[in-house]
Amino acid sequence: MAEREPARSPEQRKQDAIDRLEKEDDAWVATASADGMPCLVPLSFVWDRGTLLMATRRTNPTAVNVTPSGQAKVTLGHTRDVVLIEGTAEIVEEADLPAESGEAFAEKLHWDLRGRPTWVYLRITPYTVKAWREANELAGRDLMVDGTWLA
């Protein structure tokens, strides 16, 4: 068995998590319907103004599920290097989206949804962020609690 790397400091874990949020394009997004039926989908995102900005068709379960609960979980990475985010999710219509956010989404993802009324943006505002690689990082994995970065 390979020797594990030492546990990262909270400050390093936070920086690594932010780097991933800024550089990665895709994440797993979990929502639940009003009757509790889970839905897990991959969505592309941009880290915008301290939130994850995503998009989906307004009729897809993810968009429908956001309306009643306002909750979502987002995961980046694989099981041995994960960033787990719990957040408040909201539908943002194109007319309500700041122009800079629409431009950032289109530029990063090479996908411009402006002018496509069958699509909506999802904005997920994190209230908890956890990050860990191995068992030696489980203690102290909380990087954000109640919307406040700890490190």
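Residues: numbered from 1 along the sequence shown.
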*Give the intermediate values and the outcome of side chain to side chain donor-acceptor pair (under 3.5 Å) for residues Ser33 and Asp35.*
CA-CA 5 Å; Ser33 66; Asp35 63 357; 2.3 Å; yes

*Measure from the side-chain N and O atoms of Lys14 to the backbone N and O of Ser9, and report whether any donor-acceptor pair falls under 3.5 Å.*
no

*Calculate, to the nearest 0.5 Å, the distance between atoms CD1 and CG belonging to Ile124 and Leu43 respectively.*
7.5 Å

*Student check: side-chain heavy atoms of Lys130 and Asp142 closer than 4.5 Å*: yes

_Side chain Glu94, main chain Gly115, donor-acceptor under 3.5 Å_ = yes

_Side chains of Thr148 and Asp146, donor plus acceptor under 3.5 Å_ = no

*Are side-chain heavy atoms of Met54 and Val74 found at a separation under 4.5 Å?*
yes

_Qualifying ring-ring contact (aromatic ring centres under 6.0 Å, His included) pairs with a residue from residues 83-112, counting only residues at least two apart or across chains_ = Phe105-Trp111, Phe105-Tyr121, Trp111-Trp119

*Using modelled atom types only, decide if a donor and an acceptor are shared between the side chain of Asp96 and the backbone of Val92 within a distance under 3.5 Å.*
no

*Okay, side chain of Glu137, backbone of Arg133: is any donor-acceptor separation there less than 3.5 Å?*
yes

_Atom pair OG1/CG of Thr125 and Leu53 - distance to nearest 0.5 Å_ = 10.0 Å

_What I want to find out is whether Glu93 reaches Arg58 closely enough, with some N-O distance under 4.0 Å, to be called a salt bridge._
yes

*asked:* Nearest 0.5 angstrom please: Trp132 CH2 to Arg8 CZ, how far?
replied: 11.0 Å

_Check: Glu100 main-chain N/O paired with Asp48 side-chain donor or acceptor under 3.5 Å_ = no

_Once rounded to the nearest 0.5 Å, what's the spacing between atom OG1 of Thr62 and atom CZ of Arg57?_
13.0 Å

*Does Leu97 reach the side chain of Arg114, with side-chain heavy atoms less than 4.5 Å apart?*
no

Name every donor-acceptor pair, under 3.5 Å, that has one atom in a side chain of residues 75-91 and the other anywhere in the protein, sequence neighbours excluded.
{"residue": "His78", "atom": "ND1", "partner": "Arg80", "partner atom": "N", "Å": "3.2"}
{"residue": "Arg80", "atom": "NH1", "partner": "Glu134", "partner atom": "OE1", "Å": "3.0"}
{"residue": "Asp81", "atom": "OD1", "partner": "Arg20", "partner atom": "NH1", "Å": "3.3"}

*If you round to the nearest 0.5 Å, how far is CD of Glu24 from CG of Asp19?*
10.0 Å

*May I ask you to test the Met37-Pro61 pair for a side-chain heavy-atom distance under 4.5 Å?*
no

*Checking side-chain contact (heavy atoms from CB on, under 4.5 Å) for the pair Val29/Leu122: CA distance, chi angles, key distance, verdict?*
CA-CA 11 Å; Val29 180; Leu122 305 177; 5.6 Å; no

_Minimum heavy-atom distance between Val46 and Lys108, given as atom pair plus value_ = CG2-CD, 3.7 Å

*Step by step, work out the side-chain contact (heavy atoms from CB on, under 4.5 Å) result for Val41 and Trp28.*
CA-CA 6 Å; Val41 297; Trp28 288 100; 5.7 Å; no

_So, taking the atom named CG in Leu150 and the one named CD in Glu11, what distance separates them when rounded to the nearest 0.5 Å?_
10.5 Å

*Shortest non-hydrogen contact from Ala131 to Leu143?*
CB-CD1, 3.6 Å

